[in-house]
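Worksheet: one structure, shown below.
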Amino acid sequence: MNSRIRRTAVTLAAAAVLPLALSACSDGGSDSAKSDSAAKASASAGASDDGMGGSASAMDEPFGPACSSVPKSGAGSFDGMAKDPVATAASNNPALSTLVSAVKKAGLVDTLNNAQDITVFAPTNDAFKKIPKATLDKVLADKAQLTKILTYHVVGRKLAPKDLENGSFPTLEKSKLATSGSGESYTVNDSSKVVCGNVKTANANVYIVDTVLMPSS
């Protein structure tokens, strides 16, 4: 009799414990599944963030049709220019040799190289060729006029491409220039197009333009 009661009690105890054990196993599996799911979500978010970071980085690169003519290596490359102050950097870019010659004639090399956080709209050699030779020669021979024109191409702070979308900025010459555009297409004073933008030097952001800018006065 006692033996039968004991067996019955053990059976009941087992019946009571088994569902609890199964429940515990089920909860553990659920927790594990939740943990795996959370880990995957985190990894996915990380991958998404990395992708966005890569995209943001790409948007910070130089852009424009004339960028393809910039040397791929050496002092005149984008990496090389980033290490030098702006006048020195420009002197290593063959497409800016006329501008560099003008900067030297005006005695502005040290001024530009020693300035901090500026933006330079740099006309290409072809931009200077748009000016009649007699007029250009006259300007190059007049240091005061040359200085006025060159300093009109310089803004006293670094401008990102987004700043150019609808901008008006005072220049070192004291009058203002206006910019407009979006994406990778920008125009200065409704006449000069940015052909290679967002070029970095040690102390400046450079936007290479296809037309020389002239102050209004």
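Because only heavy atoms are used, hydrogens play no part in the values below, and waters and symmetry mates are left out as well, while side chains stay in. Note that the numbering runs from 1 along the sequence shown for the chain.
Residues Lys200 and Asp60 form a side-chain contact, since some pair of their non-hydrogen atoms from C-beta on lies under 4.5 Å apart. Counting only heavy atoms from C-beta outward, the side chains of Phe169 and Leu164 approach each other to under 4.5 Å. The side-chain heavy atoms of Leu112 and Val103, taken from C-beta on, include a pair separated by under 4.5 Å. Taking the side chain as every heavy atom from C-beta outward, Tyr207 and Asn198 approach each other to under 4.5 Å. Contact annotation: the side chain of Ser180 approaches that of Asp190 to within less than 4.5 Å [non-hydrogen atoms, C-beta and beyond]. Taking the side chain as every heavy atom from C-beta outward, Thr151 and Thr171 never approach each other to under 4.5 Å. Between Val155 and Lys176 there is no side-chain heavy-atom pair separated by less than 4.5 Å. A heavy-atom distance below 4.5 Å is found between the side chains of Asn93 and Ile208.
A donor-acceptor contact closer than 3.5 angstrom is absent between the side chains of Thr201 and Asp84. Side-chain contact of Thr119 with Asn205: a donor-acceptor pair under 3.5 Å is absent, judged by distance alone. Side-chain atoms of Asp210 and Thr124 form no donor-acceptor pair, as typed in the model, at a separation below 3.5 Å. Under 3.5 Å, the side chains of Tyr152 and Asn189 contain a donor-acceptor pair of N or O atoms.
Val199 and Val100 end up in different hydrophobic clusters when Ile, Leu, Val, Met, Phe, Trp and Tyr side chains are linked at under 4.5 Å. By the rule that hydrophobic residues join a cluster once side-chain heavy atoms approach within less than 4.5 Å of another member, Phe121 and Val70 end up as members of separate clusters. Each of Leu177 and Val120 belongs to its own hydrophobic cluster when Ile, Leu, Val, Met, Phe, Trp and Tyr are linked at side-chain heavy-atom distances under 4.5 angstrom. A chain of hydrophobic side-chain contacts below 4.5 Å, direct or via other Ile, Leu, Val, Met, Phe, Trp or Tyr residues, connects Ile131 to Leu140. Under a hydrophobic-cluster definition in which Ile, Leu, Val, Met, Phe, Trp and Tyr are linked whenever side-chain heavy atoms come within less than 4.5 Å, directly or via other members, Val212 and Val188 are assigned to different clusters.
With Lys143 as reference, Thr147 is the one residue of Val139, Thr147, Leu146 to meet the side chain to side chain contact (heavy atoms under 4.5 Å, CB included) rule. Partner Phe63 forms a side chain to side chain contact (heavy atoms under 4.5 Å, CB included) with one of Cys196, Pro161, Ser185 and no other, that one being Pro161.
Put simply, CE on Met81 and CG on Leu96 are 6.0 Å apart, with the number rounded to the nearest 0.5 Å. Rounding to the nearest 0.5 Å gives a distance of 10.5 Å between OG of Ser192 and CE of Met214. Glu165 contributes atom CD, which lies 6.5 Å from atom OG of Ser182 (distance to the nearest 0.5 angstrom). Atom CG of Leu172 and atom OG1 of Thr111 lie 9.0 Å apart (nearest 0.5 Å).
Under the 4.0 Å criterion applied to side-chain N and carboxylate O atoms, Lys130 and Asp126 are not assigned as salt-bridge partners.
Heavy-atom contacts from other residues, nucleotides or ligands closer than 6.0 Å to NZ of Lys158 number more than 12. Within 6.0 Å of atom NZ in Lys193, 12 or fewer heavy atoms from other residues, nucleotides or ligands are found, so the atom counts as exposed in its surroundings. Heavy-atom contacts from other residues, nucleotides or ligands closer than 6.0 Å to CG of Asn166 number 12 or fewer.
Judged purely by atom type and a 3.5 angstrom limit, Asn203 has no side-chain atom pairing as donor or acceptor with the backbone of Asp117. Formation of a donor-acceptor pair under 3.5 Å by the Asn92 side chain with backbone atoms of Thr88 is found in this model. With Asp142 contributing its side chain and Lys138 its backbone, the two residues share no donor-acceptor pair below 3.5 Å. Of the possible donor and acceptor atoms, none in the side chain of His153 sits under 3.5 Å from a partner among the backbone N and O of Pro123.
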Using the rule given for salt bridge (Lys or Arg N to Asp or Glu O under 4.0 Å), can you reason through Asp137 versus Lys133, listing the C-alpha separation, both sets of side-chain angles and the distance that settles it, and then say yes or no?
CA-CA 6 Å; Asp137 287 345; Lys133 187 177 185 306; 2.8 Å; yes
Going through the checks in order, is the side-chain contact (heavy atoms from CB on, under 4.5 Å) test met by Val206 and Val86?
CA-CA 8 Å; Val206 177; Val86 65; 3.8 Å; yes
